[in-house]
Amino acid sequence: MSITSIGDSRPKITTATLAERKSKRQPITCLTAYDYATARLVDEAGIDIILVGDSLAQVVLGYDSTLPVTVDEMLHHTRAVRRAVKRALLVADMPYGSYHTSPEDAVRNAARFLKEAGAEAVKLEGGEKRIDHVRRLIDAEIPVMGHIGLTPQSVHAMGGYKVQGKTLSAVEQLMRDAVALDQAGVFSLVLEGIPREVAAMITEEVSAPTIGIGAGPDCDGQVLVIHDLIGLTFNPPAKFVRRYAEAGTLISEAIEMFRRDVVEGNYPSDSESYHLPKDTGAALDAIQERKRAMS
Ligand code: KIV
């Protein structure tokens with residue numbers, strides 16, 4: 001089988017596909033996934049990029065930031081997603097601390113995502129200050145997705161989750177970050193939490209496709225955290241989130257129906273039970289009949 005075909009009519013998405021999409025101005029879709037079932041649904045729906053985001057820390061593991069999640073936890077979830085994904089490009093997020101120490105650590109940890117979990121690329125946060133890391137990863141044949149703007153791993157450095165790029169100097173820095181990453185060879189660039197005008201300028205300037213989240217409609221593609229999109233979160237959504245379903249409500253209702261049925265003796269019914277084969281049942285009846293006769 002060709003590595004660009006997945007055995008059905010859908011062509012495999014590669015970094016080259018994404019570059020072509022940008023040149024043809026065809027929008028790119030990206031969603032997060034962290035487990036087999038969700039990843040299957042996302043892949044089968046035709047989403048182009050599946051990101052095992054470190055948002056895993058918050059939406060799946062219940063932490064209040066992305067900082068605590070470890071490489072081993074990210075690997076565990078990336079493997080589950082890998083087993084589901086056939087068509088999409090599978091990108092794994094490098095968690096906090098896995099690349100901040102040195103480019104050597106970045107390569108060592110990123111290589112684990114490719115070797116041990118089947119990821120096809122990694123994502124890391126930061127602009128100019130990560131250029132050495134990005135170059136070293138690309139030298140090691142590891143495709144890199146950049147991520148600038150509101151970078152959640154910098155929550156303490158930023159003083160909270162705040163929209164970035166609002167002053168002239170901040171816009172200039174964002175542009176320098178974007179151009180540096182583009183020149184270093186990232187295959188795509190996530191723009192998070194920045195004014196749409198700035199995202200539009202960056203998208204125009206760089207050759208790598210930009211993937212926006214809270215960055216307006218002029219990016220080359222859009223990404224959302226799947227739990228936000230399906231309504232499976234417990235905090236009010238950010239301004240940019242569009243909820244396409246209320247999965248939390250749906251799941252709560254199903255759980256409540258199950259609870260009520262069990263308490264009221266309505267679950268399971270006879271038709272939801274297994275039965276003995278006829279001859280075993282008859283033999284058992286006969287034994288019980290003999291026991292009753294003897295007592
Ligand atoms: O971790 C994540 O889910 C992300 C996306 C929001 C881009 O980084």
Side-chain angles (χ1 to χ4, degrees), residues 18 27-35 38-39 42 47-71 73-78 80-81 85 88-100 109-110 113 117 119 121-127 130 134 143-155 158 161-165 174 177-178 181 186-194 199 202-203 208-216 219-230 232-233 235 237-243:
L18 305 177
I28 296 164
T29 54
C30 176
L31 283 175
T32 65
Y34 318 94
D35 64 82
T38 315
V42 174
I47 294 298
D48 301 313
I49 306 173
I50 296 185
L51 170 68
V52 185
D54 62 353
S55 48
L56 163 74
Q58 291 167 290
V59 298
V60 176
L61 303 180
Y63 291 115
D64 61 6
S65 78
T66 59
L67 303 183
V69 73
T70 65
V71 171
E73 286 167 332
M74 291 296 298
L75 284 167
H76 175 75
H77 286 268
T78 306
V81 170
V85 174
L89 183 79
L90 177 54
V91 182
D93 224 352
M94 301 277 290
Y96 178 68
S98 68
Y99 58 94
H100 300 75
N109 285 314
F113 283 99
V122 297
K123 174 167 85 59
L124 53 82
E125 298 183 4
R130 305 276 179 248
V134 171
V144 180
M145 175 183 250
H147 184 166
I148 58 171
L150 194 172
T151 46
Q153 292 175 8
S154 324
V155 58
M158 291 183 306
Y161 299 105
K162 296 175 184 161
V163 174
Q164 303 293 301
L174 274 176
D177 288 337
L181 288 166
V186 295
F187 73 87
S188 69
L189 180 56
V190 170
L191 303 178
E192 177 165 358
I194 62 174
I202 293 173
T203 301
T210 58
I211 312 291
I213 173 161
C219 301
D220 298 306
Q222 295 293 328
V223 55
L224 278 179
V225 169
I226 185 92
H227 288 61
D228 286 338
L229 176 150
I230 64 172
L232 193 53
T233 53
N235 294 320
K239 176 180 182 170
F240 60 81
V241 169
R242 188 177 295 178
R243 279 208 193 289

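Being a predicted model, the structure only gives us computed values, none of them experimental. FYI, the numbering just counts along the sequence from 1. Both counts, for ligands and for their atoms, begin at 1 and track the order of listing.
Considering all non-hydrogen atoms of both residues, A92 and F113 come closest at CB-CD2, 3.4 Å. Taking each heavy atom of L18 and L89 in turn, the nearest pair found is CD1-CD2, 3.9 Å. Counting all heavy atoms, side chain and backbone alike, M74 lies closest to D93 at CE-O, 3.4 Å. Here the closest heavy-atom approach between residue V85 and residue A39 is recorded as CG2-CB, 4.1 Å.
The shortest N or O to N or O distance between D54 and ligand 1 is under 3.5 Å.
Close contacts of ligand 1 with G53, meaning ligand atoms under 4.0 Å from a residue heavy atom, involve 1 (O), 2 (C), 3 (O). Close contacts between ligand 1 and T32 involve ligand atoms 3 (O) [criterion: under 4.0 Å to a heavy atom]. Heavy-atom proximity to D93, at under 4.0 Å, picks out these atoms of ligand 1: 1 (O), 2 (C), 8 (O). Atoms of ligand 1 found under 4.0 Å from any heavy atom of I213 (numbered from 1 in listed order, with element): 6 (C). Interface atoms of ligand 1 facing H147, defined by a heavy-atom separation under 4.0 Å, are 8 (O). Counting the atoms of ligand 1 from 1 in the order shown, those under 4.0 Å from a heavy atom of S55 are 1 (O), 2 (C), 3 (O).
Regarding atom 8 (O) of ligand 1, its nearest protein heavy-atom neighbour is K123 NZ, 2.9 Å. Remark: minimum distance from atom 4 (C) of ligand 1 to any protein heavy atom is reached at L51 CD2, 3.7 Å.
Here CZ of R130 is found 7.5 Å from CG of L124. Values are rounded to the nearest 0.5 Å.
In this structure, the side chains of L191 and I148 come closer than 4.5 Å at one or more pairs of heavy atoms. When side chains are defined from C-beta on, T151 does not count as touching Q164, because their heavy atoms never get closer than 4.5 Å.
Taking a 4.0 Å cut-off on heavy atoms, E125 fails to register as neighbouring ligand 1.
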